[in-house]
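Heads up: the structure comes next, in structure tokens.
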Amino acid sequence: MASAIAKQTYNVFFRRSSAYLAGIFASAFAFEIAFDTVSDRVWDSINKGRQWKDIRDKYIQ
Amino acid sequence: MLSKVAYTTTARAFRASSTFRPVRFASTQAGPFGANRKAAMMWFTKAAAASAIVGYGISNYVLTDDRMAPVYKAVSEASTELKKKAKEFGIELEIPFTVAHAFSTADHGLHPPHYPWDHYSPWKSYDHASIRRGFQVYKEVCSACHSMDYIYYRNLVGVSHTEAEAKALAAEYEYEDGPDDSGQMFMRPGKLTDAMPKPYPNEEAARAANGGAYPPDLSCIVRARHGEEDYIFALLLGYCDPPAGVNIREGLHYNPYFPGGAIAMARSIFDEVVDYEDGTPNNASQLAKDVTTFLSWASYPEHDERKKMGLKTLAISAMLLGLSVWWKRFKWSYVKSKKIVYRPGKFDEV
């Protein structure tokens, strides 16, 4: 099973340089989105009630 | 067999050389500080400990001894003489460590205590509700004398006020604009792109209105003062009666946190001088805390983003560090598990 996945991964991503490069670009893109989403959520939860977005509702018309 | 023969002959030739002197400790003394790293570390530890003890002893018991005073005096007088002589020849001689400067807290201002600012923590943003209240304090109290030339109404949008609120705040003041079609300057209500209104048209007017003292611009005041937020907060609330023997000129006020002690600004932050819209208690320390937070934001507007970016950087760096440790161990696993067996061959004595 594991070897089947490894083989499939190899065939899809590592066999050709073009696929390898595309894989790097795509994973960098996906990683950045995921990392930013997670870290922003952590930041917002640490600073709950302190940031402008938390008090904005009180003043917006 | 050629190489073995060659080796043997060179070795023999070497041994036979008359200039060769065997180094006795060559095998035990590999480095300049001992045979191996452990010995070198030991050497450095001992050296550091010994110099620390000797340095401590000299600085505490020898240099501070009263019997050293004549020596210092002699050195000081000699250097003064030397300076005088040099001056006769037209040379300005500066000899370090010969002049004693008296340090007095009255001259330099009392050091403010460290207050537990909640935005000092590495993962905390500014309290934006506090920035908003602080702006109100600035607007209603400080702005009577202090300008904030580098803070524009647009800077408040998304930080402490909505766009509509910031526009309304700006429109409360008239700004000179122009020239119009006929070449005349005219007044118009403020816009988001206008800076905080100036209380005085120029520095001279400000000085004339404040007994010669210039109320500093508050745009970057937190950056511009030692002690930063602590200093501003302590100064705002630090007014008290001057101690006995200290005379304060008419028009000045005593504040121990201000260098020199005599400050032209009178105490301005009192209980209930500002009414907060969000129901926060408006006692003097709360007002001072809020206005200091606002001024801190004005000095460091990038603060929140900077801290968030810093935390992200640390997180990514931690991942990369883990990855590089794994990579190193991965690459070295072959080298470390490799076994090298050396079997010396039999040398033929030729």
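All values below come from the heavy atoms of this structure, side chains included, with hydrogens, waters and symmetry mates left out. Residue numbers start from 1 in every chain, and the chains themselves are labelled A, B, ... in the order their sequence lines are given, proteins ahead of strands. This structure is a prediction, so every number in the text was calculated from the model and none was measured.
- Atoms CD1 and CD, on Ile316(B) and Glu32(A) in that order, are 8.5 Å from each other to the nearest 0.5 Å.
- Environment of CZ in Phe13(A): sparse, with no more than 12 heavy atoms of neighbouring residues, nucleotides or ligands closer than 6.0 Å.
- Your options are Gly158(B), Ala129(B), Ala315(B), and the one with the most heavy-atom pairs under 4.5 Å with chain A is Gly158(B).
- With a 4.5 Å cut-off on non-hydrogen atoms, Ser160(B) touches chain A through its backbone but not through its side chain.
- Within residues 39-55 of chain A, the residues having any heavy atom under 4.5 Å from a heavy atom of chain B are, by residue number, Ser39(A), Asp40(A), Trp43(A), Ile46(A), Asn47(A), Gly49(A), Arg50(A), Gln51(A), Trp52(A), Ile55(A).
- Proximity to chain A (any heavy atom under 4.5 Å) is shown, for Glu163(B), by neither the backbone nor the side chain.
- For Ala164(B), no part sits under 4.5 Å from any heavy atom of chain A, backbone or side chain.
- Glu272(B) pairs by the side chain to side chain contact (heavy atoms under 4.5 Å, CB included) definition with Asn282(B), not counting sequence neighbours.
- The 12-atom threshold is exceeded at OH of Tyr214(B), counting heavy atoms of other residues, nucleotides or ligands nearer than 6.0 Å.
- Contacts of His119(B) with chain A are made by both backbone and side-chain atoms, with heavy-atom separations under 4.5 Å.
- Within a 6.0 Å radius of CZ in Arg306(B), other residues, nucleotides and ligands contribute more than 12 heavy atoms.
- Counting heavy-atom neighbours within 6.0 Å of Lys336(B) NZ, excluding the residue itself, gives a total of 12 or less.
- Atom OH of Tyr150(B) has 12 or fewer neighbouring heavy atoms from other residues, nucleotides or ligands inside a 6.0 Å radius.
- Under a cut-off of 6.0 angstrom, the local environment of NZ in Lys312(B) is crowded, with over 12 non-hydrogen atoms contributed by other residues, nucleotides or ligands.
- Contacts between Met309(B) and chain A at a heavy-atom distance below 4.5 Å are absent for every atom of the residue.
- The number of heavy-atom neighbours closer than 6.0 Å to CZ of Arg56(A), taken from other residues, nucleotides and ligands shown, is 12 or below.
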